[in-house]
Amino acid sequence: MKIEEIKVFVCSPGRNFVTVKVMTDSGIYGIGDATLNGREMAVVTCLEEHIAPCLIGRDAHDIEDIWQYLYKGVYWRKGPINMAAIAAIDMALWDIKGKAANMPVYQLLGGKSRTAVTLYAHASGDTIEDTIDKAQAHIDAGFKAVRLQAAVPGLEVTYGVLGDKKDYFELQGNRPLPPEEPWSTQKYFTMVEDLFKQARARLGNNVHLLHDVHSRLTPIESARLGKLLEPYNLLFLEDASVAENQENYKVIRHHTTTPLAIGETYNTIWECKNLIQDQLIDYIRAAATHAGGITGLRRIADFANIYNVKTAPHGAPDLSPICFAAHMHLNIWAPNFGIQEFVGFGNEQLNEIFPHRYEVKNGTVAILDAPGLGVDFDESAAQKYPYKRSYLPVSRLEDGTVWNW
Ligand code: CS2
Ligand code: MG
């Protein structure tokens, strides 16, 4: 089955998505997600100009060889742009193989380890009360796990809290330049302890609570936070500190038993090898779109399994439903699957562009038995929402120093 054409699309139903469609001479096509928020067009160029010409005429069944060819063959290994491009091709090839075999992708990975995938929902509020009300609504809808984020009093904007803004562009003030957001660790600490104290008091102990620090703290501050939150029994504390230096996590681990999660920006196993091997984390959050596709994430999951680290794939709204589908197949297969982040199936526009039949019931998603990935891409619907330049925010401390967003 030969690859005949590789099409690349960018659409913007509220935020930008890069989608790849690999066409074969058999009539079967596959789709993949190559979205890299804030650097979308770099991935498009990488795919169109550098990758697509090398793949025309290749056998679409050679997933592993094509992955190695694009990873090792480029000489400049790794990196988010290259790995997002590889990821999209890889997902599309798994989609094709599944359709050709008339089987869902999880069957090709080894079959199911479970019958449904547990999700964690987001509760993000302008106040602690508002956050807890939203968490209660998720619990009432059947969710067993909820991530709590609340705006930090005294800061103009807080990561993870959209407030009354309709979408991502409105949050940026419709300016096609990176918005800047202030940060204060001191103000945050006051809020976060109250948030979990009040949440446990109101929500009880029968629900898993999670929290994303979005890399704002230094290792010793993270250690302090982990200790502070121990009484509230978190499922995990996410991205407490940056781990470009993986040894940083030894400082945190040394002081707290709060479980730690990291990895949504990772592109390969190499960024988390020591974190996993030294058992410095409990959940690895890499995403198929950013870590080399199903092939890349499968390798990370298998390695993590040896060290009792579970998977918790990134499920932010800037990953397309194709990535969500790829995660679902990995989640259904992985013996060490932990939990899937879930922000809803987006707006109507998104569902029109990426038709799928996933259904959430009691905070879980049952896998569908459609062949391949089980999600499609409607080219003409996508055309209605053209690309809009957009950036992620930049963070600054209150004295103006650039900080981690
Ligand atoms: C967040 C993301 O979902 C998460 O855990 O950290 O929403 C993140 O801010 C975005 O994906 C950035 O692109
Ligand atoms: Mg996060």
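All residue numbers refer to positions in the sequence shown, counting from 1. Just the heavy atoms: all of them, side chains too, but no hydrogens, waters or symmetry mates, feed the values below. Indexing begins at 1, ligand by ligand and atom by atom, following the structure's order. These figures come from a predicted structure and were not determined experimentally.
- Proximity of W405 to ligand 1, defined as any heavy-atom pair under 4.0 Å, is confined to the side chain (atoms from C-beta onward).
- Between H122 and ligand 1, a contact under 3.5 Å exists for no N or O pair.
- Among the atoms of E341, no N, O or S atom is found under 2.8 Å from the Mg ion (ligand 2).
- Ion pair R253/D282 flagged as a salt bridge, since at least one NZ, NE, NH1 or NH2 atom sits closer than 4.0 Å to an Asp/Glu carboxylate oxygen.
- In the vicinity of H214, heavy-atom distances shorter than 4.0 Å reach the ligand 1 atoms 1 (C), 6 (O), 8 (C), 9 (O).
- Proximity of L392 to ligand 1, defined as any heavy-atom pair under 4.0 Å, is confined to the side chain (atoms from C-beta onward).
- Sorting the N, O or S atoms of E264 by how far they are from the Mg ion (ligand 2) puts OE1 first.
- One finds a salt bridge joining D133 and R202 here, because a Lys/Arg side-chain nitrogen approaches an Asp/Glu carboxylate oxygen to under 4.0 Å.
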Can D369 and Y106 be said to form a side-chain hydrogen bond (donor to acceptor under 3.5 Å, both in side chains), step by step? CA-CA 9 Å; D369 278 331; Y106 76 85; 2.8 Å; yes
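- In the vicinity of D212, heavy-atom distances shorter than 4.0 Å reach the ligand 1 atoms 1 (C), 4 (C), 5 (O), 6 (O).
- When each atom of ligand 1 is checked for a heavy atom of R147 under 4.0 Å away, the hits are 3 (O), 4 (C), 5 (O).
- With the Mg ion (ligand 2) as the vertex, OE2 (E238) and OD2 (D212) define an angle of 90°, rounded to 10°.
- A cation-pi arrangement is found for R299 relative to W67, the charged atom lying closer than 6.0 Å to the ring centre and inside a 45° cone about the ring normal.
- The cationic group of R285 does not satisfy the cation-pi geometry with F236, failing either the under 6.0 Å distance to the six-membered ring centre or the 45° limit from the ring axis.
- The minimum heavy-atom distance between A287 and H314, with the atom names listed, is CB-CB, 3.8 Å.
- Between S222 and I252, the closest heavy-atom pair is CB-CD1, 3.7 Å.
- Contacts with ligand 1 closer than 4.0 Å are made by no heavy atom of R15, backbone or side chain.
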